[in-house]
Amino acid sequence: MVEQRAVPLDTVFRALGDGTRRSMLRTLADGEMTIGQLAAPFAMSLAAASKHVRALEDAGLVAREVRGRTHWCRLVPGPLAAAHEWLGFYERFWTGRLDVLERLLREDDARRSSTPPTGDET
C-alpha cells in the first residue's frame, strides 16, 4: 500500500518561488530527465541541481528514482493541482471584480453617449 502524505501548500509555493525550479518542472512535464539533463540549461553543478530537485521532492512535486548511478526525476502533478485549486478562488475573485469594472465602464460610456453636449466643451 502506498502512503500518500499531504504536503502543505506553503512548501509547494516555496518550491515554486524559485525560477530555476519552475523551469525544471516545466522541463519535466515533457517526461523523465536525469539530474544532469535538468542542470544543463543552467550551467550549474550536479550538486546544485540536486538541491533544487530536493526542494521539489520535499514539496511532493518531483519523484526521484536511482537507476545504477543515475538519478532520474519525474513530475508528480498532484500538489500542482492543489495549488491550482487554491489559486482558483482568487481567479474567480478577480474575474468578478473585473466584470463589475467592465459593467461600470459600459454604463459610464452609455451615459456619456446619451447625454447631449452642453456646448461648453472645447
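Predicted, not measured: the structure shown is a model, and the values here were computed from it. The analysis underlying the following values was restricted to heavy atoms, covering all of them including side chains, and did not include hydrogens, waters or symmetry mates.
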Inset, instruction - Name all pairs fulfilling the side chain to side chain donor-acceptor pair (under 3.5 Å) condition that reach into residues 22-48, sequence neighbours left out, sorted by first residue then second. - result: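 For residues 22-48, and leaving out neighbouring residues, the side chain to side chain donor-acceptor pair (under 3.5 Å) pairs sorted by first residue read Glu32-Arg67, Thr34-Gln37.
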Legend entry - Ionic contact status for Asp58 with Arg54, cut-off 4.0 Å: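 Yes.
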Legend entry - NZ/NE/NH1/NH2 to OD/OE distance under 4.0 Å, Glu107 and Arg111: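 Salt bridge flag = no for Arg111 with Glu107.
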Inset, instruction - Please check if atom CD in Glu65 has more than 12 non-hydrogen atoms from other residues, nucleotides or ligands closer than 6.0 Å. - result: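 For Glu65, atom CD is crowded (more than 12 foreign heavy atoms under 6.0 Å).
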Legend entry - Members sharing Val66's hydrophobic cluster (side chains within less than 4.5 Å):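 Its cluster mates, by chain and number: none.
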Legend entry - Linked hydrophobic residues, Val100 as query - side chain contacts closer than 4.5 Å: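 Members other than Val100 - counting any ILVMFWY side chain reachable under 4.5 Å - are Leu104.
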Inset, instruction - Taking all non-hydrogen atoms of both residues into account, name the closest pair between Pro79 and Val12 and its distance. - result: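 Minimum heavy-atom contact is CB-CG2, 3.8 Å.
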Legend entry - Those residues that, when tested against Arg112, pass salt bridge (Lys or Arg N to Asp or Glu O under 4.0 Å) (two or more places apart):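 Arg112 satisfies salt bridge (Lys or Arg N to Asp or Glu O under 4.0 Å) with Asp108 only.
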Inset, instruction - Mark yes or no for whether Thr95, through its side chain, and Glu91, through its backbone, hold a donor-acceptor pair below 3.5 Å. - result: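 Between the backbone of Glu91 and the side chain of Thr95 there is a qualifying donor-acceptor contact (under 3.5 Å).
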Legend entry - Backbone of Asp99 reached by a side-chain donor or acceptor of Arg103 within 3.5 Å: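 No, the answer is negative, given that no donor and acceptor are paired below the 3.5 Å cut-off.
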Inset, instruction - Scan for ring pair (Phe, Tyr, Trp, His ring centres under 6.0 Å) pairs involving residues 12-52, sequence neighbours excluded, and state none if there are none. - result: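 Non-adjacent pairs meeting ring pair (Phe, Tyr, Trp, His ring centres under 6.0 Å): Phe13-Trp86.
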Inset, instruction - For Trp72, check ring-ring contact (aromatic ring centres under 6.0 Å, His included) against everything at least two apart and list the hits. - result: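 Result, ring-ring contact (aromatic ring centres under 6.0 Å, His included) vs Trp72: none returned.
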